[in-house]
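Notes for the one structure printed next.
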There are 2 protein chains.
Amino acid sequence: MKLSNTLQRRVIIEELRKVKSHPTADELYQLVRQRLPQVSLGTIYRNLELLSEDGQIQKLELTGKQKRFDGNIKEHYHMRCSNCGCIVDVEDKEIDAIHDNLQVLVERNGFDGFRLELIGRCSRCGNT
Amino acid sequence: MKLSNTLQRRVIIEELRKVKSHPTADELYQLVRQRLPQVSLGTIYRNLELLSEDGQIQKLELTGKQKRFDGNIKEHYHMRCSNCGCIVDVEDKEIDAIHDNLQVLVERNGFDGFRLELIGRCSRCGNT
DNA sequence: ATAAGAATAGTAATCATTATTAAAATATTG
DNA sequence: CAATATTTTAATAATGATTACTATTCTTAT
Ligand SMILES: [Mn+2]
Ligand SMILES: [Mn+2]
Ligand SMILES: [Zn+2]
Ligand SMILES: [Zn+2]
């Protein structure tokens, strides 16, 4: 059950924690292979799965065809940029309040939970 | 620009409007081929895309690897059953109120919009 | 009816992901 | 440490969902 300590695993975690971009498996593959040119894409996929099951990283449940991963395991919200499609963290007291309200409201209406994904413009794309 | 009137297109729309299951392309393919055994899966995909662009049907933006389609073009909420994974319509005045509140709140916080997906148990799976 | 354009069936290709496997690395035991 | 058991890896194949290609057929506008 305990994951053994391999170089590939360490580098995957390190690179994922370095970036704030919520990379897909193949994006992370590009990063990892700069340090481990022999690494295989299957190793990235397998370890992202294992590490998220193990709670060391987060697998994000977002729309879109590719899965994305987050080195930050703290629960937090994400915004998708409507222009470039990137995923950015939302650190906002108000959103947390909205979350708590929603939780109460949806449970009061007989649901077990919800998934909320914010949409907006990232800083690079501006707000026009 | 205007879509021409083909038998395949008519049957696709008819079958999609008949069901309440929010089928994937291949699920709809199974339905359509009962009436048109020669229809090809590519035709289903192409037409679902064209018809949703044309506003005659709805393409649902949900989590999960397969796209789902809805013959009902009115905007409405969906719940995913946490047990069987099916998608059911949510017709609930309260949810509409929640939606309106959320819209105000997220815009007030600088976002353009949001996507909210409800999670619960469908009627067949019960509520335990 | 004719010609131009659009759509189709059939098939191949692509993209994301998962499975397989023999060899290599890591962990456990004596 | 050495022997052994277990896990992981790289490479590759396979899968599932979707999109692209193309020759033929259908639809629409003259
Ligand atoms: Mn994040
Ligand atoms: Mn619906
Ligand atoms: Zn952007
Ligand atoms: Zn169910």
Side-chain angles (χ1 to χ4, degrees), chain A residues 1-16 21-70 80 85-87, chain B residues 1-16 21-70 80 85-87:
Chain A
M1 276 287 137
K2 198 151 93 6
L3 301 179
S4 43
N5 182 8
T6 68
L7 177 57
Q8 290 86 343
R9 203 112 77 195
R10 281 197 306 276
V11 174
I12 287 170
I13 296 175
E14 279 178 27
E15 292 300 316
L16 181 57
S21 61
H22 311 90
T24 60
D26 64 292
E27 286 166 352
L28 193 55
Y29 175 53
Q30 300 308 327
L31 294 172
V32 172
R33 71 192 308 196
Q34 288 176 19
R35 288 174 59 185
L36 305 174
Q38 296 310 310
V39 79
S40 88
L41 183 55
T43 296
I44 308 293
Y45 272 106
R46 185 167 24 77
N47 279 302
L48 287 172
E49 205 55 47
L50 289 169
L51 290 168
S52 64
E53 278 170 24
D54 195 48
Q56 298 186 244
I57 66 171
Q58 235 194 310
K59 176 160 62 171
L60 301 181
E61 300 279 336
L62 302 169
T63 50
K65 53 199 68 174
Q66 283 168 276
K67 291 179 188 165
R68 292 181 171 273
F69 296 87
D70 196 334
R80 180 181 296 273
C86 75
I87 305 293
Chain B
M1 276 284 139
K2 199 150 92 8
L3 301 179
S4 44
N5 183 7
T6 70
L7 176 58
Q8 291 85 341
R9 202 114 73 194
R10 281 195 307 275
V11 175
I12 287 170
I13 296 176
E14 279 178 27
E15 292 300 315
L16 181 56
S21 61
H22 310 91
T24 60
D26 63 293
E27 286 167 350
L28 194 55
Y29 174 53
Q30 301 307 329
L31 294 172
V32 171
R33 70 191 309 197
Q34 288 175 22
R35 290 174 58 186
L36 306 174
Q38 297 311 309
V39 78
S40 88
L41 184 54
T43 297
I44 308 293
Y45 273 105
R46 186 167 21 79
N47 279 302
L48 287 172
E49 205 55 47
L50 289 169
L51 289 167
S52 65
E53 278 169 24
D54 196 47
Q56 300 187 242
I57 67 172
Q58 235 195 309
K59 175 161 62 171
L60 301 180
E61 300 279 337
L62 302 169
T63 49
K65 51 201 69 175
Q66 283 170 275
K67 291 179 189 165
R68 292 182 172 275
F69 297 86
D70 196 334
R80 180 181 297 271
C86 76
I87 305 293

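By convention in this document, chain letters (A, B, ...) are assigned in the order of the sequence lines, proteins followed by strands, and residues within each chain are numbered from 1.
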Side chain of B:L3 - closest among C:dA7, D:dT9, C:dT26: C:dA7
Rounded to whole Å, how long is the line connecting atom CG of A:L28 with atom C1' of C:dT17? 15 Å
Can you tell me how far P of C:dT18 sits from CD of A:E53, to the nearest Å? 11 Å
Heavy-atom nearest pair, B:D26 first then B:L41, reads CA-CD1, 4.2 Å
Which residues within residues 36-47 of chain A lie with some heavy atom under 4.0 Å of an atom in DNA chain D? A:Q38, A:V39, A:S40, A:T43, A:R46, A:N47
Could you please name the option among D:dA17, C:dA27, C:dT8 that lies closest to any side-chain atom of B:Q8? C:dT8
Using a 4.0 Å heavy-atom cut-off across all strands, classify B:D26 as base, sugar-phosphate, or nothing. nothing
Is the closest side-chain heavy-atom distance between B:K67 and B:L48 below 4.5 Å? no
Any side-chain N or O of A:S4 below 4.0 angstrom from OP1/OP2 of D:dT8? yes
Protein-nucleotide distance (B:L48, atom CG; C:dT8, atom P), rounded to Å: 11 Å
For D:dT19, does either OP1 or OP2 sit under 4.0 Å from a side-chain N or O belonging to B:K67? yes
With B:F69, which of B:H22, B:K59, B:Q58 fulfils side chain to side chain contact (heavy atoms under 4.5 Å, CB included)? B:K59
Taking atom P of D:dT9 as reference, at what distance in whole Å does atom CZ of A:R33 sit? 16 Å
Looking at A:R68 and A:I87, would you say the former's side chain and the latter's main chain have a donor-acceptor pair under 3.5 Å? no
How many whole angstroms separate atom NZ of A:K2 from atom C1' of C:dA27? 9 Å
Tell me what B:E49 touches on the nucleic acid: a base, only sugar-phosphate, or nothing, going by heavy atoms under 4.0 Å. nothing
side-chain N/O B:T6 vs C:dA6 OP1/OP2, d < 4.0 Å: no
Could you give me the CA-CA distance, side-chain angles and deciding distance for A:R46 and A:T43, then say whether side chain to side chain contact (heavy atoms under 4.5 Å, CB included) is met? CA-CA 5 Å; A:R46 185 167 24 77; A:T43 296; 3.3 Å; yes
Heavy-atom check, side chain of B:N47 versus side chain of B:L3, under 4.5 Å: no
Nucleotide D:dA20, atom P - distance to CG of B:L50 in whole Å: 12 Å
B:R9 has an atom CZ; how far is it from atom P of D:dC26, in whole Å? 15 Å
Note, A:R35 side chain near A:E14 side chain (heavy atom, < 4.5 Å): yes
Distance, rounded to the nearest Å, where A:N5 contributes CG and C:dT28 contributes P: 11 Å
